[in-house]
Protein chains: 2
Amino acid sequence: MENARLASKKRSTRKEAGRASGRTQVTIHEIAREAGVSIATVSRTLNAPEKVRPQTRERILAIVRDRHYVSDALAVSLVSRRSGTIGVIIPTIIYSIYAGFIHSIQKACGEAGYTVLTGITEYSDTLEDEIVTRLLERRVDGLVLTGVSRGAGIYHKIRNLGVPFVTTWHVSKNPDIPSVSFDNYAASMDAMQHLYSLGHRRIALICGKSDRNDRAFERRRAYCDFLRRKRIGSNAELMEERDFEFSEGEAAMRKILRVEPRPSAVFCANDILAVGAMHACRDLGVAVPADMSIMGFDDHPVTEHVTPPLTTIRVPADSMGKEATRSLLRAIDTGKPPASKVLRTDVVVRDSTAPTGKRRTRRKAS
Amino acid sequence: MENARLASKKRSTRKEAGRASGRTQVTIHEIAREAGVSIATVSRTLNAPEKVRPQTRERILAIVRDRHYVSDALAVSLVSRRSGTIGVIIPTIIYSIYAGFIHSIQKACGEAGYTVLTGITEYSDTLEDEIVTRLLERRVDGLVLTGVSRGAGIYHKIRNLGVPFVTTWHVSKNPDIPSVSFDNYAASMDAMQHLYSLGHRRIALICGKSDRNDRAFERRRAYCDFLRRKRIGSNAELMEERDFEFSEGEAAMRKILRVEPRPSAVFCANDILAVGAMHACRDLGVAVPADMSIMGFDDHPVTEHVTPPLTTIRVPADSMGKEATRSLLRAIDTGKPPASKVLRTDVVVRDSTAPTGKRRTRRKAS
DNA sequence: CGACAAAATGAAAACGTTTACATTGCGGAT
DNA sequence: ATCCGCAATGTAAACGTTTTCATTTTGTCG
């Protein structure tokens, strides 16, 4: 009612062309014109209400509500030189290893008034480069990266624009590259120690592709180092590098089960591969943990609910997201580089690992 | 070398203040100045290279590379009146039911040159409202929503800015609200029919909170209608509404297992609850599927790998994401409202459901 | 009632692009 | 030589804000 009257009283002086296409944006100018004030006053009403006379303020606010004014964050960003967005880059969203991580970042950012732009690289360097460029074009105020190893070109690009960033899921040795993470190497050592102390000596490895994934690389390195330190030594036959898929874990396990002598345990460097491996054992009648101990990594929510529940490494995905965000936002505020942090991991012992003594002797399947 | 010479020859006229804070943005103006051309020519070089003389073009491009120029998408958006972003709103990212969906949207958007802004509502209406507002401020070119039922206020807000949107995961009856989805009701009917045709008559339900989740509502409605149609009728004791957590499915199942006479099957309206329910059965020594058939919904990737593999409803999460994006992008291009679409679902029969005949008689646990 | 400080408001410049329109320069047709 | 047309380039106005500085209004005190 009211707004109809006002609208007819004051005719729009702006071009009416957009009308037809339905894209009539209500701007601060329109509000100002209707209220009979300048745009500065409207802006102040919205951002610093105490600076405008209550009477004027109320009149303006009424019109703002009436016309469903929504400010244009793009224009604001342009002048304020802050986009209010944070870019986050993860390798994959499927299987939700990164879901909790992303969620905690989104939450922390939301609370601080930031919006999150997520990029998914699918473990591809070229895609990552493209995505980073796009985020930088969008003038993200900060960047959360997964892993540390990547072409120097990307870091150069980011640095060149002075955009603060933190890496995660991998502790950085380079002081120029801040990281908020847990120690993959140490955690994997713990995992191996767990298997070792159960009496396992012949231990297989199923991990991600270590050439394009530094988390996989570190976990594999720990596996090899551990075996070397225990004077066992690693064996190429017992090491499988696979893509991040249930079916790959399954295939890797099938292959390992054909090796003679058969190992008594397998360290899967992520839970997805571990669940796939368990599936293979079930299909082939290999009892877990009696015939084969399986150790996972990540503490994916579902590992508690598979049969048997999986022994794994709990990684602080949520707190890592939260801490990385805090560190990044503080860096944005202060102008200093983000603080690094190393978070702890835990071995979560469930039912997929058991002492070697319990092992049943069994004919080879093939 | 070359740029050092050029840089020293022409001193910067822009304010040098930002230098110290590290936020020296290389603009089109700088490039233009260094190349000795106008900004228009630089802009043309970048966006319509054929319009500028090869010689000039190469000179400009060299400087662009040299100075690591990155265009400011915000400024571009402001003048082009297109942000190049799509907003996507989902209730949760944990447990990855929506992961494939999000991923396919991101992929389709990426290919079309759009960036995705994701919002997570945690099943909260007020949070959804807040997130939508924030996305609208960011001037998203389109919006993908999950579910249809929400306060009219949100739709009003979106419509008011003329932003095209599609809803997903729920077929809309309202012609003003386009949806690209599958039919939860029909799919649930299929699920019930599957159990019924195996001989099950006493069937329990574990579903999400139907008051704030229209997918849960529809699935529950189908459950009730099916039983009514078969003249069985539903029973409040056998219907549990739970939050989206493994542990909730577990608790619900425990409760249902105490009901006398015990049902022979349970329809879980999502896989997360189903896996939780299976866990409860395992803990209590209830054999699945011999003593209890469990039917899931969603075909979460892990359902294939739990023990026993879960019978479930395959929903077209990926193609829904892709189709919704296509429909939305076309709407953005044409200015017409997005086209609706109904996608098919399938019953995926695995090992968690079996005919009632196989049922072993067993003492009550308590 | 006048003066003056404080409060309220306005004008205009910036933010970094794109683009319509204007200008320039050049080759070829007359 | 003159003119035309076209290609190449430049000028300047947008886009929707915030913010500095100037100006006007208000209120207070002597």
Side-chain angles (χ1 to χ4, degrees), chain A residues 12-18 21 23-33 35-60 64 67 69-84 136-139 141 161, chain B residues 12-18 21 23-60 64 67-84 136-139 141 161:
Chain A
S12 171
T13 56
R14 300 211 144 215
K15 63 177 175 210
E16 311 263 338
S21 79
R23 287 310 189 97
T24 326
Q25 186 169 330
V26 179
T27 70
I28 213 176
H29 287 92
E30 280 201 67
I31 306 293
R33 189 164 32 75
V37 296
S38 74
I39 58 165
T41 304
V42 177
S43 177
R44 273 187 285 257
T45 305
L46 265 20
N47 302 310
E50 76 284 358
K51 290 189 183 170
V52 23
R53 195 153 47 117
Q55 185 191 336
T56 326
R57 191 199 306 160
E58 290 314 322
R59 181 159 42 103
I60 292 172
V64 164
R67 300 289 307 261
Y69 170 78
V70 176
S71 84
D72 187 324
L74 273 56
V76 174
S77 298
L78 191 60
V79 49
S80 68
R81 310 176 75 76
R82 294 179 55 256
S83 68
L136 292 177
E137 281 180 352
R138 290 241 134 70
R139 292 298 183 263
D141 294 330
L161 272 82
Chain B
S12 172
T13 56
R14 300 211 142 216
K15 63 174 175 213
E16 310 262 339
S21 79
R23 287 309 191 96
T24 326
Q25 186 168 329
V26 178
T27 70
I28 213 176
H29 286 92
E30 279 202 68
I31 306 293
R33 190 163 33 75
E34 273 193 38
V37 298
S38 74
I39 57 164
T41 304
V42 179
S43 176
R44 273 188 286 257
T45 305
L46 266 19
N47 302 310
E50 76 284 356
K51 289 190 184 171
V52 26
R53 195 154 47 116
Q55 186 191 335
T56 326
R57 192 199 305 161
E58 291 313 321
R59 182 160 40 102
I60 291 171
V64 164
R67 301 290 307 263
H68 300 97
Y69 170 78
V70 176
S71 82
D72 187 326
L74 273 53
V76 174
S77 298
L78 191 59
V79 50
S80 68
R81 310 177 74 76
R82 298 179 53 258
S83 69
L136 292 177
E137 281 180 352
R138 290 240 133 69
R139 291 298 183 261
D141 294 332
L161 272 82

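Labels below follow one simple rule: chain letters A, B, ... track the order of the sequence lines, proteins then strands, and each chain is numbered from 1. Hydrogens, waters and symmetry mates play no part in the numbers below; they use all other heavy atoms, side chains included. All values derive from a computational prediction rather than experimental measurement.
- Between dT18(C) and S80(B), no contact under 4.0 Å exists linking OP1 or OP2 to a side-chain N or O.
- Residues R138(B) and S83(B) share a closest heavy-atom pair of O-CB, 3.9 Å.
- L161(A) has its CG atom 13 Å from the C1' atom of dG16(C), to the nearest Å.
- Under the side chain to side chain donor-acceptor pair (under 3.5 Å) criterion, S43(B) pairs with N47(B), sequence neighbours left out.
- Counting to the nearest Å, the P atom of dT18(D) and the CD1 atom of I31(A) are 13 Å from each other.
- Note that the CD1 atom of I28(B) and the OG1 atom of T41(B) stand 9.5 Å from one another [nearest 0.5 Å].
- Following rounding to the nearest Å, L74(A) (CG) and dT18(D) (P) show an atom-to-atom distance of 13 Å.
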Can you give the dot-bracket line for DNA chain D, where a pair is Watson-Crick or G-U wobble with both atom distances under 3.5 Å, crossing pairs use [ ], and | marks a partner on another strand? ||||||||||||||||||||||||||||||
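- Minimum heavy-atom separation, G84(A) to D141(A): N-OD2, 2.6 Å.
- L136(A) has its CG atom 16 Å from the P atom of dG16(C), to the nearest Å.
- The salt bridge (charged side-chain N to carboxylate O under 4.0 Å, His left out) check on R139(B) picks up D72(A), with sequence neighbours excluded.
- Comparing atom distances between the L78(B) side chain and each of dT17(C), dT17(D), dG16(D) picks out dG16(D) as nearest.
- With sequence neighbours excluded, the residues forming a side chain to side chain donor-acceptor pair (under 3.5 Å) with Q55(A) are R53(A), listed by chain and number.
- When the side chain to side chain contact (heavy atoms under 4.5 Å, CB included) test is applied to S71(A), the partners found at least two apart in sequence or on another chain are Y69(A), E137(B).
- With rounding to whole Å, I28(A) atom CD1 is found 12 Å from dT19(D) atom C1'.
- When the C1' atom of dG16(C) is taken as reference, atom CZ of R81(A) falls 9 Å away, rounded to whole Å.
- Shown here are the side chain to side chain contact (heavy atoms under 4.5 Å, CB included) partners of R59(B), two or more places apart in sequence or in another chain: A35(B), V37(B), T56(B).
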Could you list all N or O pairs between the protein and nucleotides 7-11 of chain C that sit under 3.5 Å apart?
from    : atom 1 : to     : atom 2 : distance (Å)
dT9(C)  : OP1    : R53(A) : NH2    : 3.4
dT9(C)  : OP1    : T56(A) : OG1    : 2.6
dT9(C)  : OP2    : R53(A) : N      : 3.0
dG10(C) : OP2    : S38(A) : N      : 2.7
dG10(C) : OP2    : S38(A) : OG     : 3.1
dG10(C) : OP2    : T41(A) : OG1    : 2.7
dG10(C) : N7     : R44(A) : NH2    : 2.8
dG10(C) : O6     : R44(A) : NH1    : 3.4

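- In this entry the distance linking CG of D72(B) with P of dG16(D) reads 16 Å, nearest Å.
- R139(B) places its CZ atom 13 Å from the P atom of dC15(D), with the value rounded to the nearest Å.
- Residues R57(B) and I60(B) form no side-chain contact, since every pair of their non-hydrogen atoms from C-beta on lies 4.5 Å or further apart.
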